[in-house]
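Notes follow once the structure below has been shown.
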Amino acid sequence: MRQRILVITGSRAEYGLLKPLLKTLKSDQLIDLKILVTGSHLSPDHGLTYKEIEADGFDIYQKVEILLSSDSPIGEANAFGLAALGIGPVVNTIKPDLVMVLGDRFEILAAVCVVSILGIPIAHIHGGEITTGSKDDCFRHAITKLSHIHFVSAEPYRERVIQMGESPDRVFTVGGLGVDVVSNTELLSRLELEKALGHKFFEQNLLVTFHPDTLKYDENERQVSELLDALSRFPSVGLIFTKANADAGGRLVNHLINDFVNSMSNAVIFDSLGSLNYLSCVALVDGLVGNSSSALLEAPTLKRPAVNIGDRQNGRLMSDSIINCSIKAEDICRAIETLFSHEFQTRAKKTVNPYGEAGASLRICNLLRDLNLGNVMCKRFVDFKNIDRLWSPDIDC
(Lines give C-alpha, C1' and ligand atoms only; values in the text may rest on other atoms or scores of the structure.)
Protein backbone atom coordinates (compact mmCIF):
# COMPACT_ATOMS: atom_id res chain seq x y z
CA MET A 1 0.00 0.00 0.00
CA ARG A 2 1.31 3.43 -0.96
CA GLN A 3 2.27 5.85 1.79
CA ARG A 4 0.78 9.31 1.39
CA ILE A 5 3.48 11.76 2.45
CA LEU A 6 2.83 15.49 2.72
CA VAL A 7 5.88 17.77 2.54
CA ILE A 8 5.42 21.36 3.76
CA THR A 9 7.80 24.08 2.58
CA GLY A 10 7.78 27.78 3.42
CA SER A 11 11.03 29.31 2.16
CA ARG A 12 13.51 29.23 -0.73
CA ALA A 13 16.40 28.01 1.44
CA GLU A 14 14.41 25.12 2.85
CA TYR A 15 13.09 24.09 -0.58
CA GLY A 16 16.62 24.23 -1.95
CA LEU A 17 17.57 21.52 0.54
CA LEU A 18 14.38 19.51 0.03
CA LYS A 19 14.55 19.42 -3.77
CA PRO A 20 16.58 16.21 -4.23
CA LEU A 21 14.49 14.46 -1.57
CA LEU A 22 11.27 15.51 -3.29
CA LYS A 23 12.59 14.08 -6.56
CA THR A 24 13.43 10.81 -4.84
CA LEU A 25 10.02 10.59 -3.17
CA LYS A 26 8.19 11.49 -6.38
CA SER A 27 9.92 8.69 -8.30
CA ASP A 28 9.15 6.04 -5.67
CA GLN A 29 6.10 4.00 -6.70
CA LEU A 30 5.32 3.19 -3.06
CA ILE A 31 4.95 6.86 -2.12
CA ASP A 32 2.13 9.28 -2.96
CA LEU A 33 3.80 12.69 -2.62
CA LYS A 34 1.81 15.82 -1.82
CA ILE A 35 3.37 19.30 -1.46
CA LEU A 36 1.95 22.21 0.51
CA VAL A 37 3.56 25.62 -0.12
CA THR A 38 3.36 28.59 2.22
CA GLY A 39 5.44 31.44 3.66
CA SER A 40 7.78 33.51 1.53
CA HIS A 41 7.26 31.22 -1.47
CA LEU A 42 4.09 33.22 -2.12
CA SER A 43 5.60 36.67 -1.55
CA PRO A 44 6.41 38.97 -4.50
CA ASP A 45 9.03 40.64 -2.27
CA HIS A 46 10.87 37.33 -2.05
CA GLY A 47 10.63 36.35 -5.71
CA LEU A 48 7.45 34.21 -5.75
CA THR A 49 9.63 31.15 -5.43
CA TYR A 50 6.71 28.74 -5.66
CA LYS A 51 7.22 29.17 -9.42
CA GLU A 52 10.62 27.51 -9.09
CA ILE A 53 8.95 24.49 -7.45
CA GLU A 54 6.53 24.22 -10.37
CA ALA A 55 9.33 24.74 -12.90
CA ASP A 56 11.17 21.81 -11.31
CA GLY A 57 8.26 19.57 -12.27
CA PHE A 58 6.45 19.29 -8.94
CA ASP A 59 2.69 19.61 -8.54
CA ILE A 60 1.72 21.88 -5.65
CA TYR A 61 -1.35 20.47 -3.92
CA GLN A 62 -2.20 23.69 -2.08
CA LYS A 63 -0.80 27.18 -1.49
CA VAL A 64 -1.47 28.72 1.94
CA GLU A 65 -0.95 32.49 2.13
CA ILE A 66 0.26 33.76 5.52
CA LEU A 67 2.49 36.81 5.04
CA LEU A 68 1.25 40.19 6.20
CA SER A 69 2.38 43.71 5.25
CA SER A 70 4.59 43.92 8.28
CA ASP A 71 8.28 43.79 9.14
CA SER A 72 7.97 43.36 12.89
CA PRO A 73 7.80 40.57 15.49
CA ILE A 74 4.04 41.10 15.92
CA GLY A 75 3.60 40.69 12.19
CA GLU A 76 5.49 37.42 12.38
CA ALA A 77 3.31 36.32 15.29
CA ASN A 78 0.16 37.09 13.28
CA ALA A 79 1.57 35.17 10.31
CA PHE A 80 2.11 32.20 12.66
CA GLY A 81 -1.61 32.28 13.47
CA LEU A 82 -2.58 32.49 9.81
CA ALA A 83 -0.34 29.51 9.06
CA ALA A 84 -2.09 27.42 11.70
CA LEU A 85 -5.53 28.48 10.45
CA GLY A 86 -4.72 27.84 6.80
CA ILE A 87 -2.66 24.67 7.00
CA GLY A 88 -4.97 22.71 9.32
CA PRO A 89 -7.91 22.30 6.91
CA VAL A 90 -5.59 21.33 4.04
CA VAL A 91 -3.87 18.63 6.08
CA ASN A 92 -7.24 17.37 7.32
CA THR A 93 -8.41 17.05 3.70
CA ILE A 94 -5.29 15.25 2.49
CA LYS A 95 -5.19 12.91 5.50
CA PRO A 96 -1.53 11.96 4.95
CA ASP A 97 0.14 8.97 6.55
CA LEU A 98 3.10 11.21 7.39
CA VAL A 99 3.94 14.91 7.29
CA MET A 100 7.56 15.78 6.56
CA VAL A 101 9.20 19.12 7.42
CA LEU A 102 12.70 20.53 7.45
CA GLY A 103 14.42 23.01 9.70
CA ASP A 104 13.37 25.68 12.06
CA ARG A 105 11.16 28.46 10.72
CA PHE A 106 8.10 29.82 12.50
CA GLU A 107 5.63 28.77 9.79
CA ILE A 108 6.95 25.20 10.02
CA LEU A 109 6.46 25.30 13.79
CA ALA A 110 2.87 26.46 13.22
CA ALA A 111 2.34 23.61 10.78
CA VAL A 112 3.61 20.88 13.10
CA CYS A 113 1.53 22.23 15.99
CA VAL A 114 -1.60 21.75 13.88
CA VAL A 115 -0.50 18.40 12.48
CA SER A 116 0.23 17.16 16.00
CA ILE A 117 -3.25 18.13 17.16
CA LEU A 118 -4.71 16.27 14.17
CA GLY A 119 -2.87 13.12 15.32
CA ILE A 120 -0.71 12.68 12.21
CA PRO A 121 2.91 11.42 12.45
CA ILE A 122 5.63 13.99 11.73
CA ALA A 123 9.14 13.43 10.35
CA HIS A 124 11.64 16.22 11.01
CA ILE A 125 14.81 16.79 8.96
CA HIS A 126 17.90 18.67 10.22
CA GLY A 127 16.90 18.61 13.88
CA GLY A 128 19.35 18.68 16.77
CA GLU A 129 21.32 21.57 15.35
CA ILE A 130 22.10 24.73 17.28
CA THR A 131 21.97 28.34 16.07
CA THR A 132 22.11 30.29 19.31
CA GLY A 133 22.06 33.61 17.49
CA SER A 134 18.44 33.38 16.31
CA LYS A 135 14.94 32.58 17.51
CA ASP A 136 14.94 29.69 15.08
CA ASP A 137 17.04 27.75 17.59
CA CYS A 138 14.03 27.41 19.92
CA PHE A 139 11.67 26.78 17.02
CA ARG A 140 13.84 23.89 15.81
CA HIS A 141 13.89 22.19 19.21
CA ALA A 142 10.11 22.65 19.58
CA ILE A 143 9.59 21.03 16.17
CA THR A 144 11.79 18.15 17.30
CA LYS A 145 9.64 17.53 20.38
CA LEU A 146 6.47 17.58 18.27
CA SER A 147 7.92 15.12 15.76
CA HIS A 148 8.02 11.34 15.82
CA ILE A 149 10.78 10.48 13.34
CA HIS A 150 14.08 12.37 13.06
CA PHE A 151 16.48 12.51 10.11
CA VAL A 152 19.57 14.37 11.30
CA SER A 153 22.59 15.53 9.31
CA ALA A 154 25.45 14.45 11.61
CA GLU A 155 26.11 12.21 14.61
CA PRO A 156 26.48 15.06 17.17
CA TYR A 157 22.98 16.18 16.20
CA ARG A 158 21.62 12.66 16.68
CA GLU A 159 23.08 12.65 20.19
CA ARG A 160 21.43 16.00 20.91
CA VAL A 161 17.99 14.85 19.73
CA ILE A 162 18.32 11.76 21.95
CA GLN A 163 19.39 14.06 24.80
CA MET A 164 16.03 15.81 24.32
CA GLY A 165 14.27 12.57 25.26
CA GLU A 166 13.65 11.16 21.78
CA SER A 167 13.91 7.41 21.35
CA PRO A 168 17.29 6.43 19.83
CA ASP A 169 15.72 3.97 17.40
CA ARG A 170 13.72 6.82 15.84
CA VAL A 171 16.68 9.13 15.25
CA PHE A 172 18.62 8.45 12.03
CA THR A 173 21.86 10.05 10.88
CA VAL A 174 21.42 10.45 7.12
CA GLY A 175 23.84 13.29 6.28
CA GLY A 176 23.13 16.80 5.05
CA LEU A 177 20.65 17.37 2.26
CA GLY A 178 22.80 20.28 1.11
CA VAL A 179 25.44 17.78 -0.01
CA ASP A 180 22.79 16.00 -2.08
CA VAL A 181 21.70 19.27 -3.65
CA VAL A 182 25.22 19.98 -4.90
CA SER A 183 25.82 16.41 -6.05
CA ASN A 184 22.55 16.28 -8.00
CA THR A 185 22.89 19.65 -9.75
CA GLU A 186 24.61 20.17 -13.10
CA LEU A 187 26.01 23.64 -12.56
CA LEU A 188 26.09 26.41 -15.15
CA SER A 189 29.30 27.67 -16.69
CA ARG A 190 30.36 31.26 -16.08
CA LEU A 191 29.03 32.38 -19.47
CA GLU A 192 25.74 30.53 -18.96
CA LEU A 193 25.28 32.07 -15.52
CA GLU A 194 26.14 35.58 -16.72
CA LYS A 195 23.49 35.20 -19.43
CA ALA A 196 20.91 33.85 -16.99
CA LEU A 197 21.49 36.68 -14.50
CA GLY A 198 22.10 39.46 -16.98
CA HIS A 199 25.22 40.29 -15.00
CA LYS A 200 28.89 40.13 -15.95
CA PHE A 201 31.26 38.85 -13.30
CA PHE A 202 34.25 40.86 -12.13
CA GLU A 203 37.76 39.46 -11.78
CA GLN A 204 36.98 38.84 -8.07
CA ASN A 205 33.44 38.26 -6.79
CA LEU A 206 31.58 37.73 -3.53
CA LEU A 207 28.10 36.32 -2.97
CA VAL A 208 26.46 38.19 -0.09
CA THR A 209 23.40 37.13 1.93
CA PHE A 210 22.60 38.74 5.27
CA HIS A 211 19.50 37.81 7.26
CA PRO A 212 18.11 39.95 10.10
CA ASP A 213 19.07 39.31 13.70
CA THR A 214 15.86 37.93 15.20
CA LEU A 215 17.14 38.18 18.78
CA LYS A 216 18.35 41.77 18.47
CA TYR A 217 15.66 43.27 16.27
CA ASP A 218 16.61 46.87 17.12
CA GLU A 219 20.22 46.33 16.04
CA ASN A 220 19.54 45.29 12.45
CA GLU A 221 20.12 48.73 10.95
CA ARG A 222 23.49 49.07 12.68
CA GLN A 223 24.54 45.56 11.72
CA VAL A 224 23.72 46.01 8.05
CA SER A 225 25.46 49.40 8.05
CA GLU A 226 28.63 47.78 9.40
CA LEU A 227 28.50 45.11 6.68
CA LEU A 228 27.92 47.62 3.90
CA ASP A 229 30.67 49.88 5.24
CA ALA A 230 33.08 46.95 5.00
CA LEU A 231 31.97 45.97 1.50
CA SER A 232 32.28 49.55 0.24
CA ARG A 233 36.05 49.23 0.80
CA PHE A 234 36.27 46.66 -2.02
CA PRO A 235 35.20 48.74 -5.06
CA SER A 236 36.92 46.45 -7.56
CA VAL A 237 35.17 43.30 -6.28
CA GLY A 238 31.87 42.25 -7.81
CA LEU A 239 29.18 42.02 -5.12
CA ILE A 240 26.17 39.78 -5.79
CA PHE A 241 23.48 40.17 -3.12
CA THR A 242 20.51 37.90 -2.52
CA LYS A 243 17.72 39.37 -0.42
CA ALA A 244 17.10 38.48 3.21
CA ASN A 245 14.43 35.97 4.20
CA ALA A 246 10.98 36.71 5.59
CA ASP A 247 12.02 37.16 9.22
CA ALA A 248 11.04 40.29 11.12
CA GLY A 249 13.48 43.00 10.05
CA GLY A 250 14.02 41.48 6.61
CA ARG A 251 12.44 44.38 4.76
CA LEU A 252 14.68 46.87 6.54
CA VAL A 253 17.74 44.80 5.63
CA ASN A 254 16.66 44.62 1.98
CA HIS A 255 15.90 48.36 1.85
CA LEU A 256 19.37 49.26 3.12
CA ILE A 257 21.03 46.87 0.69
CA ASN A 258 18.95 48.21 -2.21
CA ASP A 259 20.12 51.74 -1.45
CA PHE A 260 23.73 50.52 -1.30
CA VAL A 261 23.45 48.66 -4.62
CA ASN A 262 21.95 51.72 -6.31
CA SER A 263 24.97 53.76 -5.24
CA MET A 264 27.64 51.23 -6.26
CA SER A 265 28.66 50.26 -9.79
CA ASN A 266 30.07 46.92 -8.63
CA ALA A 267 26.96 45.57 -6.89
CA VAL A 268 23.73 43.85 -7.95
CA ILE A 269 20.84 42.39 -5.95
CA PHE A 270 18.35 39.59 -6.68
CA ASP A 271 15.08 38.73 -4.94
CA SER A 272 16.00 35.06 -5.34
CA LEU A 273 18.54 33.41 -7.62
CA GLY A 274 16.82 30.04 -7.64
CA SER A 275 18.61 26.83 -6.70
CA LEU A 276 20.52 26.27 -9.96
CA ASN A 277 21.72 29.86 -10.32
CA TYR A 278 22.55 30.12 -6.64
CA LEU A 279 24.70 26.99 -6.51
CA SER A 280 26.37 27.91 -9.81
CA CYS A 281 27.14 31.30 -8.33
CA VAL A 282 28.60 29.75 -5.17
CA ALA A 283 30.89 27.61 -7.32
CA LEU A 284 32.10 30.57 -9.37
CA VAL A 285 32.63 33.34 -6.81
CA ASP A 286 35.72 33.70 -4.65
CA GLY A 287 33.62 33.25 -1.53
CA LEU A 288 30.44 33.92 0.43
CA VAL A 289 29.86 36.70 2.94
CA GLY A 290 26.99 37.04 5.41
CA ASN A 291 25.16 34.77 7.84
CA SER A 292 23.38 32.25 5.61
CA SER A 293 23.40 28.56 6.50
CA SER A 294 24.31 27.73 2.89
CA ALA A 295 27.86 28.89 3.66
CA LEU A 296 28.05 25.98 6.12
CA LEU A 297 25.88 23.35 4.43
CA GLU A 298 26.58 23.62 0.69
CA ALA A 299 29.63 25.82 0.14
CA PRO A 300 32.16 23.34 1.64
CA THR A 301 31.09 20.67 -0.87
CA LEU A 302 31.72 23.20 -3.65
CA LYS A 303 35.10 23.99 -2.04
CA ARG A 304 34.29 27.67 -1.59
CA PRO A 305 35.28 29.66 1.51
CA ALA A 306 32.96 31.89 3.48
CA VAL A 307 32.97 34.75 5.96
CA ASN A 308 30.31 34.00 8.59
CA ILE A 309 29.30 37.24 10.31
CA GLY A 310 27.83 37.52 13.79
CA ASP A 311 26.05 34.98 15.98
CA ARG A 312 23.22 33.66 13.78
CA GLN A 313 24.94 30.34 12.98
CA ASN A 314 26.68 29.89 16.35
CA GLY A 315 26.66 26.24 17.43
CA ARG A 316 26.54 24.59 14.00
CA LEU A 317 29.23 22.24 12.76
CA MET A 318 31.61 24.21 10.53
CA SER A 319 34.33 23.21 8.09
CA ASP A 320 37.76 24.85 8.20
CA SER A 321 36.77 26.90 5.13
CA ILE A 322 34.66 29.20 7.34
CA ILE A 323 36.00 32.47 8.80
CA ASN A 324 33.95 33.68 11.75
CA CYS A 325 33.95 37.37 12.60
CA SER A 326 32.00 39.98 14.54
CA ILE A 327 29.57 42.47 13.01
CA LYS A 328 32.11 45.28 12.91
CA ALA A 329 33.33 46.79 9.65
CA GLU A 330 37.02 46.43 10.50
CA ASP A 331 36.65 42.77 11.47
CA ILE A 332 34.62 42.02 8.33
CA CYS A 333 37.29 43.69 6.16
CA ARG A 334 40.05 41.62 7.71
CA ALA A 335 38.02 38.44 7.25
CA ILE A 336 37.37 39.22 3.56
CA GLU A 337 41.07 39.92 2.99
CA THR A 338 41.86 36.55 4.57
CA LEU A 339 39.25 34.88 2.36
CA PHE A 340 40.92 36.31 -0.77
CA SER A 341 44.38 35.14 0.29
CA HIS A 342 46.00 32.32 -1.68
CA GLU A 343 46.52 30.35 1.51
CA PHE A 344 42.85 30.37 2.47
CA GLN A 345 41.61 29.72 -1.06
CA THR A 346 43.88 26.66 -1.10
CA ARG A 347 42.53 25.53 2.27
CA ALA A 348 38.95 25.76 0.99
CA LYS A 349 39.79 23.55 -1.98
CA LYS A 350 40.90 20.82 0.44
CA THR A 351 38.11 21.21 3.00
CA VAL A 352 35.85 18.33 4.02
CA ASN A 353 32.15 18.96 4.54
CA PRO A 354 31.23 17.89 8.12
CA TYR A 355 27.75 17.04 6.85
CA GLY A 356 29.01 13.94 5.08
CA GLU A 357 28.71 12.47 1.61
CA ALA A 358 25.83 12.53 -0.83
CA GLY A 359 22.95 10.08 -0.45
CA ALA A 360 20.80 11.58 2.32
CA SER A 361 17.69 11.66 0.11
CA LEU A 362 17.91 7.97 -0.76
CA ARG A 363 18.66 7.05 2.85
CA ILE A 364 15.54 8.88 4.03
CA CYS A 365 13.40 7.26 1.35
CA ASN A 366 14.67 3.78 2.21
CA LEU A 367 14.07 4.34 5.92
CA LEU A 368 10.52 5.51 5.24
CA ARG A 369 9.75 2.24 3.45
CA ASP A 370 10.75 0.25 6.53
CA LEU A 371 8.87 2.33 9.09
CA ASN A 372 5.66 1.03 10.61
CA LEU A 373 3.69 4.28 10.69
CA GLY A 374 0.85 2.54 12.48
CA ASN A 375 2.93 2.49 15.68
CA VAL A 376 4.81 5.74 15.29
CA MET A 377 2.31 7.96 17.16
CA CYS A 378 3.07 6.00 20.32
CA LYS A 379 5.85 8.23 21.66
CA ARG A 380 7.65 8.07 24.98
CA PHE A 381 10.21 10.33 26.65
CA VAL A 382 13.44 8.39 27.11
CA ASP A 383 15.40 9.41 30.21
CA PHE A 384 19.19 9.25 30.27
CA LYS A 385 19.06 6.49 32.89
CA ASN A 386 16.96 4.39 30.51
CA ILE A 387 18.81 5.29 27.32
CA ASP A 388 19.99 1.69 26.82
CA ARG A 389 16.40 0.43 26.95
CA LEU A 390 15.41 1.37 23.42
CA TRP A 391 11.78 2.01 22.60
CA SER A 392 10.06 -1.06 21.20
CA PRO A 393 6.76 -1.26 19.30
CA ASP A 394 5.87 -4.11 21.64
CA ILE A 395 5.80 -1.79 24.66
CA ASP A 396 2.32 -0.56 25.56
CA CYS A 397 2.02 3.20 25.69
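Computed from heavy atoms alone, side chains included, the values below leave out hydrogens, waters and symmetry copies. Bear in mind that the values here come from a model prediction, so they are computed numbers and not experimental data.
With salt bridges taken as basic N to acidic carboxylate O contacts below 4.0 Å, none links Glu129 and Arg160. Ion pairing between Glu343 and Arg347 fails under the 4.0 Å rule for side-chain N and carboxylate O. Looking at Asp56 and Lys26, no side-chain N of the basic residue comes within less than 4.0 Å of a carboxylate O on the acidic one, giving no salt bridge. A salt bridge does not link Asp320 to Lys350: none of the charged side-chain nitrogens sits closer than 4.0 Å to a carboxylate oxygen. Salt bridge annotation for Glu330-Arg233: present, with a cationic side-chain nitrogen under 4.0 angstrom from a carboxylate oxygen.
A salt bridge (charged side-chain N to carboxylate O under 4.0 Å, His left out) with Asp28 holds for exactly one of Arg369, Arg2, Lys23; it is Arg369.
Side-chain contact between Pro300 and Tyr355 is absent, with no heavy-atom pair separated by less than 4.5 Å. Within the 4.5 Å cutoff, the side chain of Ser40 has no heavy atoms near those of the Asn245 side chain.
For the residue pair Gln163/Arg158, the side-chain donor-acceptor check at 3.5 Å is not satisfied.
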Legend entry - Criterion side-chain hydrogen bond (donor to acceptor under 3.5 Å, both in side chains) on His150 and Thr144, from CA distance to verdict: CA-CA 8 Å; His150 311 275; Thr144 291; 4.8 Å; no
Legend entry - Check against salt bridge (Lys or Arg N to Asp or Glu O under 4.0 Å), Glu52 and Arg12: CA-CA 9 Å; Glu52 180 184 348; Arg12 70 188 186 200; over 6 Å; no
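Minimum interatomic distance between Lys135 and Thr214 (heavy atoms only, all atoms of both residues): N-OG1, 2.9 Å. Tyr157 approaches Leu317 most closely through the heavy-atom pair OH-N, 2.8 Å. Of all heavy-atom pairs spanning Phe260 and Leu239, the tightest one is CE2-CD1, 4.0 Å.
Rounding to the nearest 0.5 angstrom, the gap separating the CG atom in Leu146 from the CD1 atom in Ile108 is 12.5 Å.
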